[in-house]
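Per chain, numbering begins at 1; letters A, B, ... match sequence-line order.
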Protein chains: 2
Amino acid sequence: MTAIKPSSTRQENRQTAIAACPVSFVMDKIGGNWKPVILFQMMSGAKRYSEIKKAIPTITEKVLIQHLKQLQDDGLVLRKALDVVPPHVEYRLSKSGQALTPVLNAMAAWAFEHREFGGRKASR
Amino acid sequence: MTAIKPSSTRQENRQTAIAACPVSFVMDKIGGNWKPVILFQMMSGAKRYSEIKKAIPTITEKVLIQHLKQLQDDGLVLRKALDVVPPHVEYRLSKSGQALTPVLNAMAAWAFEHREFGGRKASR
DNA sequence: TTAGGAACCTACTTTAGGGTAAGTACTTGT
DNA sequence: ACAAGTACTTACCCTAAAGTAGGTTCCTAA
């Protein structure tokens with residue numbers, strides 16, 4: 001629910017970029033520090049909330065849930081609350097979420113081919 | 001040169017994400033509001049600074065130069081100062097910058113296939 | 001009965017990125 | 001003489017995303 005102030009130049013520029021540039025559009029969906037990592041977790045199948053949390057120890061619960069919600073709103077992941085005895089929640093990739101796999105693979109391939117990935121540290 | 005405070009949790013998390021996740025690594029390079037747009041401009045060949053500026057009217061000079069510098073530092077674009085009579089500067093994609101083309105195309109393809117791109121507005 | 005896990009929510013603070021506005025050094029056209 | 005273009009730089013401000021630190025409800029096992 002992170003409040004936004006839609007009448008800022010920043011926001012306007014962002015919206016126009018997203019509207020005009022498909023790459024920006026994708027960035028908007030899977031960008032950020034954590035979304036790729038979260039998505040990756042779910043690429044190996046449905047995961048429980050607590051499983052994801054455990055798999056990414058440094059993420060805070062606030063941010064994790066926030067991102068999971070955005071991913072749901074964007075239709076990339078599906079949430080299913082299981083009505084078993086200790087009730088728990090499962091997250092998994094939707095159809096379009098799974099369709100991102102080749103995109104993510106293309107990125108990963110580039111990362112490995114170029115710029116000695118794993119070596120030298122990032123600049124910013 | 002936007003000063004960074006390297007001893008923040010934020011920065012640490014970011015660095016570990018970049019080091020561990022190839023997708024985050026790529027995001028770090030081509031993420032942000034403007035980098036995709038700038039890169040796109042150069043995909044059609046070398047461009048002068050002022051040409052890029054004119055092509056993206058809403059970007060400020062500060063941000064444009066800032067991004068061009070980051071892209072240079074990351075080895076994605078090459079800067080060439082031409083020593084002609086009114087001297088000007090040319091920017092073009094490097095080898096690894098050009099290697100991003102399939103990645104960007106994959107993203108664009110996904111954007112068009114899924115989520116009725118161009119329709120409904122982005123959530124955030 | 002109290003501790004703990006699961007899946008959240010809420011209020012408050014920090015910071016990096018982006019925006020505003022201005023100035024520089026050089027040259028060319030009028 | 002002066003405006004205008006080219007490629008920048010610098011100082012300052014604002015905001016959205018991320019981090020901190022709690023609380024909540026429900027259930028179960030010891």
Side-chain angles (χ1 to χ4, degrees), chain A residues 1-18 24 27-38 47-54 56-70 72 79-91 122-124, chain B residues 1-18 24 27-28 30-35 37-38 47-54 56-70 72 79-91 122-124:
Chain A
M1 255 143 200
T2 331
I4 43 162
K5 211 200 170 184
S7 54
S8 63
T9 310
R10 191 134 161 195
Q11 205 54 29
E12 279 165 33
N13 284 343
R14 189 177 173 154
Q15 293 302 342
T16 48
I18 290 172
S24 296
M27 291 309 199
D28 178 57
K29 302 281 167 265
I30 62 170
N33 290 11
W34 296 110
K35 291 235 190 91
V37 185
I38 296 171
K47 285 267 152 50
R48 290 179 52 177
Y49 170 79
S50 51
E51 284 181 296
I52 302 176
K53 217 186 68 171
K54 251 169 255 159
I56 317 173
T58 44
I59 198 174
T60 63
E61 299 194 46
K62 185 200 122 184
V63 174
L64 176 52
I65 288 190
Q66 194 175 287
H67 281 12
L68 284 170
K69 238 185 220 147
Q70 288 176 3
Q72 280 173 73
R79 198 191 100 118
K80 182 151 73 169
L82 300 188
D83 206 11
V84 292
V85 186
H88 63 254
V89 179
E90 235 183 45
Y91 290 93
S123 37
R124 270 175 325 294
Chain B
M1 253 147 206
T2 333
I4 44 164
K5 212 199 170 184
S7 55
S8 63
T9 310
R10 197 153 165 169
Q11 205 54 28
E12 280 165 33
N13 283 344
R14 192 180 168 148
Q15 293 302 343
T16 48
I18 290 172
S24 296
M27 289 313 197
D28 178 58
I30 62 170
N33 289 13
W34 296 109
K35 291 236 191 91
V37 185
I38 296 172
K47 285 265 152 53
R48 292 179 50 179
Y49 170 80
S50 51
E51 283 181 296
I52 302 176
K53 218 186 68 170
K54 251 169 255 157
I56 318 174
T58 45
I59 198 173
T60 64
E61 299 194 46
K62 185 201 122 185
V63 173
L64 176 53
I65 288 190
Q66 192 175 287
H67 282 6
L68 284 170
K69 239 185 219 147
Q70 288 175 3
Q72 279 174 73
R79 200 193 98 117
K80 184 152 72 167
L82 299 189
D83 205 11
V84 292
V85 187
H88 63 251
V89 180
E90 235 184 45
Y91 291 92
S123 36
R124 269 176 321 294

Can you tabulate the close N/O pairs, meaning under 3.5 Å, that link protein atoms to atoms of nucleotides 2-4 of chain D?
none

When rounded to whole Å, the CD to C1' distance for the pair B/Q11 and C/dA16 reads 8 Å

Using a cut-off of less than 4.0 Å, is there contact between a side-chain N or O of B/S8 and OP1 or OP2 of C/dA16?
-> yes

side-chain contact (heavy atoms from CB on, under 4.5 Å) partners for B/N33, two or more places apart | A/R14

Whole Å only: how far is the CD atom of B/Q15 from the C1' atom of C/dA16?
-> 13 Å

From CD1 (B/I38) to CD1 (B/I30), nearest 0.5 Å = 12.0 Å

Taking all non-hydrogen atoms of both residues, which atom of A/P36 and which atom of B/M27 are closest, and how far apart?
-> CG-CE, 3.9 Å

Assign a letter to each nucleotide of nucleotides 19-30 of chain C from its 5' end: B, base within under 4.0 Å of a protein heavy atom; S, sugar-phosphate only; -, no contact.
-> BB-------S--

Closest approach of B/K35 and B/D28, non-hydrogen atoms and distance?
-> NZ-O, 3.8 Å

Got a sec, which residues hit salt bridge (Lys or Arg N to Asp or Glu O under 4.0 Å) with A/K53, two or more places apart in sequence or on another chain?
-> A/E61

When you check the phosphate oxygens OP1 and OP2 of C/dC8, does a side-chain N or O of A/K53 lie under 4.0 Å from one of them?
-> no

Does a nitrogen or oxygen in the side chain of A/S50 sit under 4.0 Å from OP1 or OP2 of C/dA7?
-> yes

Distance check: side-chain N/O of A/Y91 vs OP1/OP2 of C/dC8, anything under 4.0 Å?
-> yes

Residue mapping more 5' on DNA chain C - nearest nucleotide basis, B/G32 or A/K54 = A/K54

Considering residues at least two apart in sequence or located in another chain, which fulfil the side-chain contact (heavy atoms from CB on, under 4.5 Å) criterion with A/T58?
-> A/W34, B/N13

Residues in side-chain contact (heavy atoms from CB on, under 4.5 Å) contact with A/R79, at least two apart in sequence or another chain | A/Q72, A/A81, A/V89, A/Y91

Distance below 4.0 Å between B/H67 side-chain N/O and C/dG17 OP1 or OP2 | no

Output the distance between atom CD (B/Q15) and atom CZ (B/R10), rounded to the nearest 0.5 Å.
-> 13.0 Å

Which residues satisfy the side-chain contact (heavy atoms from CB on, under 4.5 Å) test with B/E51, sequence neighbours excluded?
-> B/K47, B/R48

